Number of protein chains: 2
Amino acid sequence: MNSPAAVIRKGRKFDQVLASARALFMQHGFEGIGVDEIARRAGVSKATLYAYFPDKRHLFIEVARAECMIQAAQLEAGIDLEKPVPEVLGIVGRGFMEIVLSEFGRNMFRVCISEGERFPELGRQFYESGPGVMRERMMHFLELGVARGELEIDDFGLAADQFPELCKAGVFLRLVTGIQTEFTQGEIDHVVDGAVETFMARFGAHG
Amino acid sequence: MNSPAAVIRKGRKFDQVLASARALFMQHGFEGIGVDEIARRAGVSKATLYAYFPDKRHLFIEVARAECMIQAAQLEAGIDLEKPVPEVLGIVGRGFMEIVLSEFGRNMFRVCISEGERFPELGRQFYESGPGVMRERMMHFLELGVARGELEIDDFGLAADQFPELCKAGVFLRLVTGIQTEFTQGEIDHVVDGAVETFMARFGAHG
DNA sequence: CGGAAACTGAACCGGGCAGTTTATATTCGA
DNA sequence: TCGAATATAAACTGCCCGGTTCAGTTTCCG
């Protein structure tokens, strides 16, 4: 009723906990780190931690949501809508791949999938604060492109889904299966450029 | 030396174990089922199970590899290389999505990702007996299409990577995050058809 | 038939880890 | 300064589950 924006945050060490959780989750993933460790690194007792968060999962959600929004914002920051479509797509694609290939991206994904069944809230939260917003922005941008006569699109949802998928072509699968764990900038560029080309071949105005 | 094709198979109940493991792993995933349960359903003692397989993971690998080869074979069976490229792509795409959306596909993926770090062999095994062979076949088919003058492709690897990725556009992500768990045939068809269109727009001969 | 190999069952080990408790100490605001 | 809110340390509970052991039983084959 009174305290502004304070539903869960009641103690002075809240931020330390969150920071520690962020660091450790990002580095080791959800399963890879124990609550004891998080508390220890936060310089906080386990009991205190559990005074803030009902359980490990909700702690993770908090971290994940914050991180997603940061990443999404960064991705969006580098976009100049005035530039020609292919150029923007290239920038977005590279930014997107950076996230996907990052420690955070991999871990986020891992958790969503491995915990997804028992913990549906997590996947939903992730989608809506990460890929979901990107999709919205992408659709908006594509509409702009159509309005400018650079694109011709009938199904914006499909187009907005296809582009990031094209950017991951091959890379993502090889990453998660461990076939290949490191990718050079050259490799990324090649795939992203290929994605832009394919996308423009389909949706570019007048063949 | 003597017994034909018997490296691991030494007892008469081997098949029962494998069958039970297959059924339960497919239904509940790797983490979702215990060794006790597998043994029980196989009508076999745990000790016997461990006489066949060194550990749970290798049991899973055995199941997974077999299943992958079955799926890959089925996928390949429905292909008539004589038909025009777009038609073949449509068939392959639909078959591919069937696998991806199946209980097996989801679980296979889940395990690869959640266990991948601690158990690299699994991911590799999966890739090589599933997506890897599909990629090979796809490249071969694309070369055929080029030879017939239906396609124009510079980087066959990239093209072979892009197509399945396009087929999953949006669907896969919504699946694993639990945003959407059921897909109608109409939805699938729409995405796959969109994938074929985009693919042909880029790689179809003479624009 | 007789012995070796395969199988059983059920207890047992052990490590990991989330979450709780409790008795005590610190902080901070009124 | 006093008491309520907050924090602490560390032990403790409880669960899960993979893997082992072993003494005794069944199967199979020569």
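The sequence lines fix the lettering, A, B, ..., with proteins before strands; numbering per chain opens at 1. Just the heavy atoms: all of them, side chains too, but no hydrogens, waters or symmetry mates, feed the values below. All values derive from a computational prediction rather than experimental measurement.
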* Are any of the side-chain nitrogens in B:Arg124 or B:Glu121 under 4.0 Å away from the carboxylate oxygens of its partner? -> no
* Does B:Tyr52 have a side-chain nitrogen or oxygen under 4.0 Å from the phosphate oxygens OP1 or OP2 of C:dC7? -> yes
* At under 4.0 Å, does any side-chain N or O of A:Ser45 touch on OP1 or OP2 of D:dT8? -> yes
* Main-chain N/O of B:Leu18 paired to B:Asp15 side chain as donor or acceptor, under 3.5 Å -> no
* Select one nucleotide: of D:dG19, D:dT8, C:dA18, the one nearest the side-chain heavy atoms of A:Val44. => D:dT8
* Asked: How many Å lie between CZ on A:Arg40 and C1' on D:dA10, as a whole number?
  -> 15 Å
* Asked: Nearest-Å distance, CZ (A:Arg12) to C1' (C:dG29)?
  -> 12 Å
* Does any non-hydrogen side-chain atom of A:Phe25 lie less than 4.5 Å from one of A:Ile38? -> yes
* Structure fact -> Of A:Phe30 and A:Ala47, the one whose nearest nucleotide on DNA chain C sits closer to the 5' end is A:Phe30
Pick out the pairs of N or O atoms, protein on one side and nucleotides 11-17 of chain D on the other, that lie under 3.5 Å.
none

* Between B:Asp193 and B:Arg94, is there a salt bridge with N-O shorter than 4.0 Å? -> yes
* Structure fact -> Separation of D:dA7 atom P from A:Asp15 atom CG, nearest Å, is 12 Å
* Report the distance from atom CD of B:Gln16 to atom P of C:dT8, rounded to the nearest whole Å. => 8 Å
* Within a strict 4.5 Å, meaning less than it, do heavy atoms of the A:Phe119 and A:Ile61 side chains meet? -> yes
* To do: Specify the separation, in whole Å, of atom CZ of B:Phe119 and atom P of D:dG18.
  => 13 Å
* **Exceeds 12 heavy-atom contacts within 6.0 angstrom, atom CD of B:Glu150** => yes
* Atom-pair distance (OH on A:Tyr50; P on D:dT8), nearest Å -> 15 Å
* Asked: Rounded to whole angstrom units, what separation is found between the NZ atom of A:Lys13 and the C1' atom of C:dT27?
  -> 10 Å
* Integer-rounded Å distance: C:dG19 P and A:Ile38 CD1 -> 11 Å
* Asked: Are the side chain of A:Glu128 and the backbone of A:Gln125 linked by a donor-acceptor contact shorter than 3.5 Å?
  -> no
